[in-house]
2 protein chains.
Amino acid sequence: MGYSLRKLFKWWFLNLTMKKIFIILWKHFQNKWFFYGITIYDIAREAKVGIGTVSRVLNGNPHVSDETRRKVLEVARRLNYQPHTYAQRLAKQKAYAISAVIPFFISYFFIEVLRGVQDKILDYGFDLVLYGVNDPSTQVEHYIQKSTHRGKVDGVLFFSMKFPEAYTSYFKQRGIPIVLVDTFHPKFDSITVDNFQGAYIATKHLIEHGYEKIGMIVARLESMPAKQRFDGFRKALSDYGKIFYEEYFVESRDTRLDGFTRDAGYQACKELLSRNREIPSAIFVSSDIQAIGVIEALSERGIKVPDDVAVIGFDDIELAKDFGLTTVRQPMYEIGKVAVEKLFERMNSRKTKPEHIKFTPELVIRKTCP
Amino acid sequence: MGYSLRKLFKWWFLNLTMKKIFIILWKHFQNKWFFYGITIYDIAREAKVGIGTVSRVLNGNPHVSDETRRKVLEVARRLNYQPHTYAQRLAKQKAYAISAVIPFFISYFFIEVLRGVQDKILDYGFDLVLYGVNDPSTQVEHYIQKSTHRGKVDGVLFFSMKFPEAYTSYFKQRGIPIVLVDTFHPKFDSITVDNFQGAYIATKHLIEHGYEKIGMIVARLESMPAKQRFDGFRKALSDYGKIFYEEYFVESRDTRLDGFTRDAGYQACKELLSRNREIPSAIFVSSDIQAIGVIEALSERGIKVPDDVAVIGFDDIELAKDFGLTTVRQPMYEIGKVAVEKLFERMNSRKTKPEHIKFTPELVIRKTCP
DNA sequence: CTGAAAGCGCTAACAC
DNA sequence: GTGTTAGCGCTTTCAG
């Protein structure tokens, strides 16, 4: 009998009490020591109400008596309650998050835009899931897929890279809201900067300033922005009946970052100088970072800016201010903000046609071309 | 009877069929048209197995017959199944995500570190939730809280800002793994760069090069990195029995970004030049961005680098290469990677004491001090 | 090896 | 107003 009693006890102990004791202890530890793992059930128990009521209170549902509300709130605060992120998201069938698929290489642009995105997203209380692409040629699709795992995000922001054609139907079919920033596709909302217009404005300024022999140093023309800026330059020249001096035009040979580097600008300027006896009266450069290289090359040859030659850049990066560079400003922070706004608009109303917002850049006049 | 029949029918129709029909239709649309919203139930039904089995197959559980596995996999592929992110995370009680609380202002540093983080995190298949802090004085705590909402992430990376003392117990109590990057707190793992050592190495190089009158231009000494770099400089001087020339030492007045700007360097150098008849033979500058300003100021006065005065910077930012700046390189990409590794280590084993990893920076010799 | 069932923590429709 | 219950979609025992 002693034996069977022990056996019985053992069985009973293991299967029931043990479990319960553990649970009780565990809850106790959680509540008292960790302030962690508190659920609406804990609150409901303490406040002597149902979990539905707790949920209602926590979600600001008005159909609760003030008395109950107070009580629940008090308990919740005392227990240091925090809703479980993913339980909410699952039940609500909403991710409360958006993702950004963004290339890392365009550093200057990157930071500013991201700042805008972050600030705006804060207004909505959403999370930002970042997918920084180091190598577009191999990683874009991978990250697109990750960022669209079912339920993960309510929308995606896609930056500065060629949107892979194969994924247009992917997004359309699943109805995942997406907005393209600094890149374009006819089927999706996009936010871009009018490079053509910016270059046009800069060139026009040069022309109105009385410069005749206007040169241009441009990054590789395969790159869309470079091409558009070049086109704007040509258009302004022809609109104002000015000559395009072939000899004062240099396209970067440097392939790194499509030629949008200081060194590419430096080299291109050296080439320009070496192949001419005279120098142009002004140079429009396709980016600030190149322009800094250009100015270096000029000063090495003892050529003064802006006295001997005027220089205008493009982008208005942080350093442009330091160098007193006259340039075309891209409102990057603003672009980030608008991108988020646009995305939320899409998320809240699956509307009609895609919209294409174009920001017109503005001229910032500093020392290199007064 | 006609009436009661209709009534009955109506009731029946509304309460049962209607609902079911809708569900069937809906599922149909989903499956066929949208490839979306497929659940393991759909797969189980199609493959004629239980949902448990489906889950097992999908999770690579070995206790499934090959035959069943094949069948399930086939159906899953055909239906274009994707697991619901948050359902998984909820059931697994694991977030499969980490967050980064990072200030936006330190742009150069920022990008590189983040690249490292992103690349490493990719290995683990985790998501990165980004909280970019624009205004540390007001936003840090807000973002810390957001990033620690229950269940949201498995760990957090905290960058470059003073960790708020009030939150030490917050993290400790909840047992949320955190690693500090580019900042320090005795109670948490941290990864920093040995600024002292870096400055020491740079100064030593200057000394061994035979320079006697070595000056220093430093950002605001309230800033920890600036202070540590200054201390390293002094130590090297005294270790090698060199004089510290008070007159060739300038601390930035500029408060913006603690004086880590091109303009601050430029102004400080002007001040150095204006208050001495002679110039030092070498200048150690507390950051590359300032060094660029210093070089500008020097060249404006016709002082040649490195012929008249040698310059060494700190950081090795992108532009340093362009300017041929000799500098102290911080392995930022590497730091990002290691930070993630360390965090995962913490997440997988709640170990003992916090570890403090210090990277020793290395000297990069370029033109400004051969 | 596999199906059924009990969670994970929360929301929302449904009764009373 | 408020408690109960049925999901959200997946994981993980627990029996066979």
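Computed over heavy atoms, backbone and side chain alike; hydrogens, waters and symmetry mates excluded. Residue numbers begin at 1 in each chain, while the letters A, B, ... track the order of the sequences.
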Measure the distance from CD on B/E67 to C1' on C/dC1 and round it to the nearest whole Å.
13 Å
In this structure, how many angstroms lie between the P atom of C/dG9 and the CZ atom of B/R89, rounded?
16 Å
Quick test of your reading of the model: are A/R89 and A/D127 salt-bridged, counting only N-O distances below 4.0 Å?
yes
Is the shortest side-chain N/O distance from A/Q93 to OP1 or OP2 of D/dG9 below 4.0 Å?
yes
Considering heavy-atom distances to DNA chain C, does B/D66 or A/A91 have its closest nucleotide positioned more toward the 5' end?
B/D66
Quick one: does B/S190's side chain have a donor or acceptor within less than 3.5 Å of a partner on B/H185's backbone?
no
Check the distance between D/dC10's P and A/H149's NE2 and give it to me in whole angstrom.
12 Å
Tell me whether A/R70 is salt-bridged to A/E74, with the criterion being a basic N under 4.0 Å from an acidic carboxylate O.
no
Identify, between B/G52 and B/L90, the residue whose nearest nucleotide on DNA chain C lies closer to the 5' end.
B/G52
At 10 degrees resolution, what angle do the end axes of the helix from C/dC1-D/dG16 to C/dC16-D/dG1 form when each is taken over five base pairs?
50°
Give a yes/no on whether any side-chain N or O of B/Y86 is located under 4.0 angstrom from OP1 or OP2 of C/dT11.
no
Run the salt-bridge test on A/R346 and A/D189 with the 4.0 Å N-O cut-off and return the result as yes or no.
yes
How long is the span from the CD1 atom in A/I98 to the NZ atom in A/K120, to the nearest 0.5 Å?
12.0 Å
B/S55 side chain near D/dT11 phosphate (N/O to OP1/OP2, under 4.0 Å):
yes
Could you state the atom-to-atom distance from OH of A/Y41 to P of C/dT11 in whole Å?
11 Å
Phosphate OP1/OP2 of C/dG3 contacted by B/T53 side-chain N/O (<4.0 Å)
yes
Go through the steps for A/F344 and A/F126 under the test ring-ring contact (aromatic ring centres under 6.0 Å, His included), then give the verdict.
CA-CA 10 Å; A/F344 274 85; A/F126 271 50; 4.7 Å; yes
OP1, OP2 of D/dT11 versus side-chain N and O of B/N59: anything below 4.0 Å?
yes
Can you check whether B/T68 has a side-chain N or O nearer than 4.0 Å to OP1 or OP2 of C/dC1?
no
Quick one: A/H84 NE2 to D/dC8 P, roughly how many Å, whole number?
18 Å
Criterion ring-ring contact (aromatic ring centres under 6.0 Å, His included) on B/F171 and B/F163, from CA distance to verdict:
CA-CA 11 Å; B/F171 276 90; B/F163 185 82; 5.7 Å; yes
Using 0.5 Å steps for rounding, measure from the CD1 atom of A/I102 to the CG atom of A/L157.
8.5 Å
Is there a side-chain contact between B/Y96 and the phosphate of D/dC10, meaning an N or O under 4.0 Å from OP1 or OP2?
no
Provide, to the nearest angstrom, the distance between the NZ atom belonging to B/K94 and the C1' atom belonging to D/dT12.
17 Å
Using a cut-off of 4.0 Å on non-hydrogen atoms, how would the nucleic acid contact of B/V49 be classed: base, sugar-phosphate, or nothing?
sugar-phosphate
Where each residue is assigned the nucleotide of DNA chain D containing its nearest heavy atom, which of B/R56 and B/Q88 is assigned the position nearer the 5′ end?
B/Q88
Distance in angstrom units between B/L79 CG and D/dG9 P, rounded:
14 Å
Earlier contact from the 5' end, DNA chain D, for A/I51 and A/V64:
A/V64
Check every atom of D/dT2, C/dC1, C/dC10 against the side chain of A/A87 and return the nucleotide holding the closest atom.
C/dC10
Given C/dT11, C/dC1, D/dG9, the nucleotide with the shortest approach to the side chain of A/K92
C/dT11
I need the NE2-C1' distance between A/H63 and C/dC16, as an integer number of Å.
16 Å
